[in-house]
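Notes for the one structure printed next.
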Amino acid sequence: MRKRFKWIDWYSIRTKMIVCFLVISIIPLFILGYLSYQYYINDLQSSVNSYTSEVIERVDKNIETYILDVDNILNNFDDYYTIQYLRLDEAGDIEGIRKYTVRLWETIQSIKKMKSDLVDIRIISQTGQTISSQGIYWTNIDNSFYSNILEAKEDRHFVVKFPYRDEFNRNVFTIGKKITSSRLSAPAIICVDIDVSFLNRIGNDIKLGERGYVYFTDGAGETNYFPVDTNNPESLKVLIKDDKILNKAKGSIAEEINGDNYLVNFKQSEVTGWNIVGVTYANEIKADFSKISKLTLLIGAGCLLVVVLISVYLTNILTNPLRDLRKVMTQFADDNLNIRAQVKTKDEIGQLAENFNYMQNRIKSLVQKTMDDQVKIRKMEKKALQELIKPHFIYNTLDSIIGLLEQNKTEEALDLIEALGMFFRTSLSHGKDVIRLRTELEHVQNYFEIQKFRFFNKFDSSMEVDDDILNYETVKLILQPIVENAIYHGVRFIDHKGIITVKGYEQNGLMILEVIDNGAGMTAEKVKHINDVLAGKEKLKDENDYFGIRNVNERIKLTYGDEYGVKFASELNKGTRVTLTLPIIEN
């Protein structure tokens, strides 16, 4: 494929930007189409769910109103004649209840005529003796329905039984409540059987789309009654089996059964305890959506073509300044440090050009600074070596060697010569600027040996350096000037024997070196002055002041950075502590 499109630079930003424009354009188009589809479907589903919920609410309201009317009818039986009949039944007075039986039977017959759907009204005593429009007979009251009636609380004083076939094979549902009185030893029961034709009238009049319907289940989810015509093969009904219908008071779910999608709305009636379920075919909602899908695809294809043309135009505008900047960078890489990029815009590309020019200036400045620092370091090292090879130091040391030889102390003279040789060999270090701490400590130890002999052991020295840091890197010749300062300005003029200790340890990710003496010390003002000079806060009038200390401090900072260096702490007549802070670098 690449051979066919040789004119395309597949690795150029221009090509990548065109591809990106296409990708970020295609993705929103797909997302827009998908979201439009989902929004349309969800909106229809929301409308269907809202309408179905209203229908279910209306069905529930109609059933609730009817049952409450029946409840009011049942309250008429809580009268003298009913209580007297039940009381005499408890006493077993068959003769006494005859006149009350006729009165109750007449009342039942008259109330049945008040509502066409009433099939029967039954009064059941605690013994099971039953009087109804069908006559007098015995009823077994040990089933769960009658138990629920007798256990009903005052705030729910009636119980509704789901549609079933009664003893006379009639399709009914029943409303029952208990009859209580202080004159009765136990409550009795009154039930009203209602023909399910009442539910048929409610269910058959409901239209949920072309094929939708409503049905009822009891509290356990059993469906023994369907208030719709199932004899028509074109309207076979599907029962939705979902635990959510049983576990929630109301809501909506989506179900797929045998390849058909359904929108199901349900509510549990507070009066009956039944679940009223409304089912709508989701496929009816999506039937007209194919036209919208085709229109969306057509619009998307047109938008994609426009995006291709615009992306080619825009990428040319955006990448031309980048190509110009690339040329400038190539020339800069070829050691043309004086070239500068032209800033033509104020956008990110223009800012990039400005930053490139700033970077060029910084690089040029850093190159010059590096060159200047190298010159400065060399000058300092030369000066440091000159300080080490002071004529009086060499003269005094050689004079001491001659004195030893004249006294025939050959061994001591050889030790002093060896220490002097080692001292100068470490000073040279084969021209290296950085050495191991171990070598730097050997250099200081040799210096100690020479100076102890010269000052007739006026002071003692010790090394307390952790073995773990001996191979760490350090700038050479940084401890000897500090030790020299401790000798000449610290322990030289004290009456008691001086002690100079060199310590070394690792702390908080840094290498700490300390030179501690018990010499004359300094005032707090002088310590502050020295530290301010070392930190660059104060300038000296005479550049020779504190030269050795400043030399060490500046070489450390030039090598490792301004956060490292030398710091003094001292008390008058008690001694001085000089702390050198360096980074941890394995050598």
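Summarising the geometry of F162 relative to T217, their closest heavy-atom pair is CE1-C, 3.5 Å, with the distance given to 0.1 Å. Taking each heavy atom of S125 and I141 in turn, the nearest pair found is O-CD1, 4.3 Å. When every heavy atom of G278 is checked against every heavy atom of I56, the shortest pair comes out as N-CD1, 3.6 Å. Minimum interatomic distance between I108 and I131 (heavy atoms only, all atoms of both residues): CD1-O, 4.0 Å. Across L86 and A188, no two heavy atoms sit closer than the pair CD1-CB, 3.4 Å. The shortest non-hydrogen separation linking S185 to Q126 is OG-NE2, 3.1 Å.
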Could you go through K503 and E464, starting from their C-alpha distance and side-chain angles, then the distance that decides it, and tell me whether this counts as side chain to side chain contact (heavy atoms under 4.5 Å, CB included)? CA-CA 5 Å; K503 291 185 177 182; E464 300 177 7; 3.1 Å; yes
Discussion item. Is there a side chain to side chain contact (heavy atoms under 4.5 Å, CB included) between R183 and Y80? Walk through the geometry before answering.
Written reply: CA-CA 11 Å; R183 292 181 291 172; Y80 170 78; 4.0 Å; yes
Requested in this report: Could you walk me through whether L118 and I111 pass side chain to side chain contact (heavy atoms under 4.5 Å, CB included), step by step?
Outcome: CA-CA 9 Å; L118 294 184; I111 290 177; 4.2 Å; yes
Tell me, with the steps shown, if Y164 and V172 meet side chain to side chain contact (heavy atoms under 4.5 Å, CB included). CA-CA 6 Å; Y164 65 101; V172 298; 4.0 Å; yes
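When side chains are defined from C-beta on, Y564 counts as touching P583, because their heavy atoms get closer than 4.5 Å. Considering only heavy atoms from C-beta on, Y215 comes within 4.5 Å of V279 through its side chain. By the 4.5 Å heavy-atom criterion applied to side chains, K177 and I190 are counted as neighbours. Put simply, the side chain of I123 reaches to within 4.5 Å of the side chain of T82, judged on heavy atoms. When side chains are defined from C-beta on, F145 counts as touching T174, because their heavy atoms get closer than 4.5 Å. Using a 4.5 Å heavy-atom threshold, the side chains of N49 and L263 count as touching. Using a 4.5 Å heavy-atom threshold, the side chains of L582 and L580 count as touching. Within the 4.5 Å cutoff, side-chain heavy atoms of L68 are placed close to those of E64.
More than 12 heavy atoms of other shown residues, nucleotides or ligands fall within 6.0 angstrom of atom OH in Y505. For N143, the CG atom is densely surrounded, since the number of other residues' heavy atoms within 6.0 Å is greater than 12. Within 6.0 Å of NZ in K112 there are more than 12 heavy atoms belonging to other residues, nucleotides or ligands.
Checked by atom type and distance alone, the side chain of D89 never pairs as donor or acceptor with a backbone atom of Y85 at under 3.5 Å. A distance-only check finds no donor-acceptor pair linking the side chain of N169 to the backbone of R165 [under 3.5 Å]. Distance alone, capped at 3.5 Å, is enough to place a donor-acceptor pair between the D120 side chain and the S133 backbone. Although no hydrogens or angles enter the test, the distance criterion places no donor-acceptor pair under 3.5 Å between the side chain of T52 and the main chain of S50. A donor-acceptor pair under 3.5 Å is formed between the side chain of N148 and the backbone N or O of S144. Listed for the W105 side chain is no donor-acceptor partner under 3.5 Å among the backbone atoms of Q134.
Annotation: the span from Q109 atom CD to K113 atom NZ amounts to 7.0 Å, rounded to 0.5 Å. Here CD1 of I63 is found 10.0 Å from OG1 of T65. Values are rounded to the nearest 0.5 Å. To the nearest 0.5 angstrom, T139 atom OG1 is 9.0 Å from I189 atom CD1. The NZ atom of K250 sits 10.5 Å away from atom CD1 of I276, with the distance rounded to the nearest 0.5 Å. Taken from CD1 in I149 to OG in S147, the straight-line distance is 9.0 Å, to the nearest 0.5 Å. The structure places OG1 of T130 at 8.5 Å from CH2 of W138, a figure rounded to the nearest 0.5 Å.
Partners of F173 according to the ring-ring contact (aromatic ring centres under 6.0 Å, His included) rule, which considers only residues two or more places apart in sequence or in another chain, are W274. With sequence neighbours left out, K267 forms a salt bridge (charged side-chain N to carboxylate O under 4.0 Å, His left out) with E57, D60. In this view, D166 and R170 satisfy the salt bridge (charged side-chain N to carboxylate O under 4.0 Å, His left out) rule, not counting sequence neighbours.
For the pair K557 and Y560, the NZ or CZ position fails the cation-pi test of under 6.0 Å to the six-membered ring centre and within 45 degrees of the ring normal.
Using modelled atom types and a 3.5 Å distance limit, the side chains of Q129 and Y137 yield no donor-acceptor pair.
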